Engineer: 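Quick one: this structure, given as structure tokens, is what I'll be asking you about.
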Number of protein chains: 2
Amino acid sequence: MADKEISQAVIGRLPRYFRYLGDLKEKGVERISSQELSDIMKVTASQIRQDFNNFGGFGQQGYGYNVNYLYDEISKILGIDKQHSLVIIGAGHLGKAIAGYTNFTRRGFVFKGAFDCNPELYGTKIRDVEVRPVDEMEEFVKKNQIEIAVLTIPKEQAVPMAHKLAECGIKAIWNFAHVDLEVPNNIQVENVHLSDSLMKLSYNINRYENT
Amino acid sequence: MADKEISQAVIGRLPRYFRYLGDLKEKGVERISSQELSDIMKVTASQIRQDFNNFGGFGQQGYGYNVNYLYDEISKILGIDKQHSLVIIGAGHLGKAIAGYTNFTRRGFVFKGAFDCNPELYGTKIRDVEVRPVDEMEEFVKKNQIEIAVLTIPKEQAVPMAHKLAECGIKAIWNFAHVDLEVPNNIQVENVHLSDSLMKLSYNINRYENT
DNA sequence: TTATAATTGAGAATTAATTAACAATTTAAG
DNA sequence: CTTAAATTGTTAATTAATTCTCAATTATAA
């Protein structure tokens, strides 16, 4: 498809729309106007309409948006109408936290394997998945055509690991290591740099105190 | 101070500069030009200079930037030259992962307390800190003048907890619950919405495949 | 059936962010 | 000491993002 490129600013807002629409759906709300949604979400109605229009417009003049339809359309755009297989590399607390987060399962992310380099963890289970030696990762990923690798390992190990992952055909890396990975551009990387986030918080504490 | 407001776009880039400068410092690099930094970080030299200029400019024409000085200045801007006390509310895997992340300690974030509502966890230790019943949180936060609360609890509990925290004088909330908190604006909130991040990744996988 | 109110989609206007350009300054070499 | 090269800080230009406006459309009430 020769769609025009959608800005990451817009993409970054979609999950939040999705979350609010899910809440509305649960409450049994059938339709909503950009203005009502604006009031709830504290963003401008104009931005809401502009954002949805990037994808062709899901509303109807004089009516607003159908909550269920809009919800489904956004889930398609985000690609969470399909299943995605994932493995977790690094079976520490963070890896376990992520594996155990049932919300991901609900969104179609299927936890298929866990790897670590600590022999004490081999054979232990996270949910119903056995932790394996990290040497077995490549074969496992290839054989099971895993799409996403979650990197919850120290930054020194993350860079060579990303290389290996690239070689065995991974599609995407969800990177929790505090380092920028360099991978070929057919591989999608999403970074979660927790310390960056904490520093922003620190900045804002500081800023407020000096005002 | 009547500083002009710095955009969050700029603030969001500071931790990354800080990280790269830390690496350079460790390597013993003493000076660096915006062009060299640009090559390493893959952002434009112009943006680097513009960003630093928001704070008055830390460089010298014909010389560039002194790595140590720049590092220290950014750490002051981010407020990580001072210590910040924090408590973790929710002693599950995610809470433990964060408590155990030694990098935070290195940046002056001091882990002072952990709370949970699961009686089985009472008295168990995370690092050298005992997990206490969540009912004791308010008293503890007041008494010890805790600045930051890390919320690693389910979203249903997060909203009332944020209210309680507001009442006992917390300065900031680092929120991992998948909900938008409403607190008075003297309290800083930084959200880490992991599922939003994963959905962005999913979008980008999708986009690449349909190109 | 008609008129009125509601509401989107789309284009225009505005504001914000990024990049380019270059004078002023400093370093460093001859 | 003089000159050439390097490099910032700053202003201008450009691009991107957001907000405003309103014609076109639909729902709803009379």
Side-chain angles (χ1 to χ4, degrees), chain A residues 3-17 20-21 24 29-74 77 196 200 203-204 207, chain B residues 3-17 20-21 24 29-74 77 196 200 203-204 207:
Chain A
D3 300 320
K4 71 170 186 300
E5 189 84 15
I6 311 290
S7 86
Q8 287 292 315
V10 174
I11 303 310
R13 285 191 292 265
L14 291 182
R16 187 156 178 266
Y17 291 130
Y20 276 87
L21 288 166
L24 289 167
V29 178
E30 279 182 7
R31 68 184 256 195
I32 195 158
S33 70
S34 58
Q35 189 53 59
E36 290 170 302
L37 199 52
S38 158
D39 295 338
I40 301 172
M41 293 187 63
K42 311 284 162 61
V43 295
T44 66
S46 190
Q47 179 161 79
I48 291 170
R49 294 204 299 277
Q50 199 75 295
D51 281 350
F52 293 162
N53 256 101
N54 279 290
F55 306 97
F58 303 127
Q60 206 163 11
Q61 289 160 328
Y63 173 88
Y65 298 89
N66 176 287
V67 171
N68 275 284
Y69 175 69
L70 188 52
Y71 180 89
D72 289 344
E73 286 302 310
I74 293 179
I77 294 167
D196 289 13
K200 277 192 273 174
Y203 171 86
N204 283 315
R207 184 188 56 146
Chain B
D3 300 320
K4 71 170 186 300
E5 189 84 15
I6 311 289
S7 86
Q8 288 291 315
V10 173
I11 302 310
R13 285 191 292 265
L14 290 182
R16 188 156 179 266
Y17 291 130
Y20 275 87
L21 288 165
L24 288 166
V29 177
E30 279 181 7
R31 65 185 257 195
I32 194 158
S33 69
S34 57
Q35 188 53 59
E36 290 170 299
L37 199 53
S38 157
D39 294 339
I40 300 172
M41 293 187 63
K42 312 283 165 61
V43 294
T44 65
S46 191
Q47 180 161 76
I48 292 170
R49 295 204 298 277
Q50 198 74 292
D51 282 349
F52 293 162
N53 255 99
N54 279 292
F55 307 97
F58 302 126
Q60 207 164 11
Q61 288 161 329
Y63 174 87
Y65 298 89
N66 177 289
V67 171
N68 275 282
Y69 175 69
L70 188 52
Y71 180 90
D72 289 344
E73 286 303 310
I74 293 179
I77 294 167
D196 289 13
K200 277 192 272 174
Y203 171 85
N204 283 315
R207 183 189 55 148

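Proteins get letters first, then strands, A, B, ... in listed order; numbering begins at 1 in each. The shown structure was predicted, so the numbers you read here are calculated from the model rather than taken from an experiment.
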Engineer: Does Ser33(B) offer a backbone N or O that forms a donor-acceptor pair with the side chain of Glu36(B) under 3.5 Å?
Structural biologist: yes
Engineer: Send over the distance from Phe52(A) CZ to dT18(D) P, rounded to a whole Å.
Structural biologist: 14 Å
Engineer: If you take atom types as modelled and just measure distance, does the side chain of Gln61(A) reach the base of dT8(C) with a donor-acceptor pair under 3.5 Å?
Structural biologist: yes
Engineer: Just checking, any donor-acceptor pair under 3.5 angstrom between side chains of Asp39(A) and Gln35(A)?
Structural biologist: yes
Engineer: With a 4.0 Å cutoff (strictly under), does any side-chain N or O of Thr44(A) reach OP1 or OP2 of dT19(D)?
Structural biologist: yes
Engineer: Separation of Asn54(A) atom CG from dA10(C) atom C1', in whole Å?
Structural biologist: 12 Å
Engineer: When you check the phosphate oxygens OP1 and OP2 of dA6(D), does a side-chain N or O of Tyr65(B) lie under 4.0 Å from one of them?
Structural biologist: no
Engineer: Check every strand shown and say whether Ser33(B) touches a base, only sugar-phosphate, or nothing at a heavy-atom separation below 4.0 Å.
Structural biologist: sugar-phosphate
Engineer: Over how many whole Å does the gap from Asp39(A) atom CG to dA6(C) atom P extend?
Structural biologist: 14 Å
Engineer: Looking for any heavy atom pair under 4.0 Å, which part of the strands does Ser46(A) touch: base, sugar-phosphate only, or nothing?
Structural biologist: base
Engineer: Please check this pair: side chain of Arg49(B) against backbone of Gly59(B), looking for a donor-acceptor N/O pair closer than 3.5 Å.
Structural biologist: no
Engineer: Over how many whole Å does the gap from Glu36(A) atom CD to dA5(C) atom P extend?
Structural biologist: 18 Å
Engineer: Within the structure, does a side-chain N or O atom of Arg49(A) lie under 4.0 Å from either OP1 or OP2 of dG11(C)?
Structural biologist: no
Engineer: Parallel, tilted or perpendicular, judged at 30° and 60°: which one describes the rings of Phe52(A) and Phe58(A)?
Structural biologist: tilted
Engineer: Return the value, rounded to whole Å, for the distance between atom CD of Gln60(A) and atom P of dT28(D).
Structural biologist: 11 Å
Engineer: What is the distance from CZ of Phe55(A) to P of dT8(C), rounded to the nearest Å?
Structural biologist: 17 Å
Engineer: Can you work out whether Asn53(B) or Arg31(B) has the more 5'-proximal nearest nucleotide on DNA chain D?
Structural biologist: Arg31(B)
Engineer: Quick check on dT8(D): is either OP1 or OP2 less than 4.0 Å from any side-chain nitrogen or oxygen of Ser34(B)?
Structural biologist: yes
Engineer: Once rounded to the nearest 0.5 Å, what's the spacing between atom CD1 of Ile48(B) and atom CG of Leu70(B)?
Structural biologist: 10.0 Å
Engineer: Does any N or O donor sit under 3.5 Å from an N or O acceptor when you compare the side chain of Gln50(B) with the base of dT19(C)?
Structural biologist: yes
Engineer: Nearest whole angstrom, please: distance from the P of dA16(D) to the CG of Asp51(A).
Structural biologist: 17 Å
Engineer: Does dT18(C) have OP1 or OP2 under 4.0 Å away from a side-chain N or O of Gln47(B)?
Structural biologist: yes
Engineer: In this structure, how many angstroms lie between the C1' atom of dA17(D) and the CD1 atom of Ile6(A), rounded?
Structural biologist: 14 Å
Engineer: Across the strands shown, which category fits Gln35(A) at heavy-atom distances under 4.0 angstrom: base, sugar-phosphate, nothing?
Structural biologist: nothing
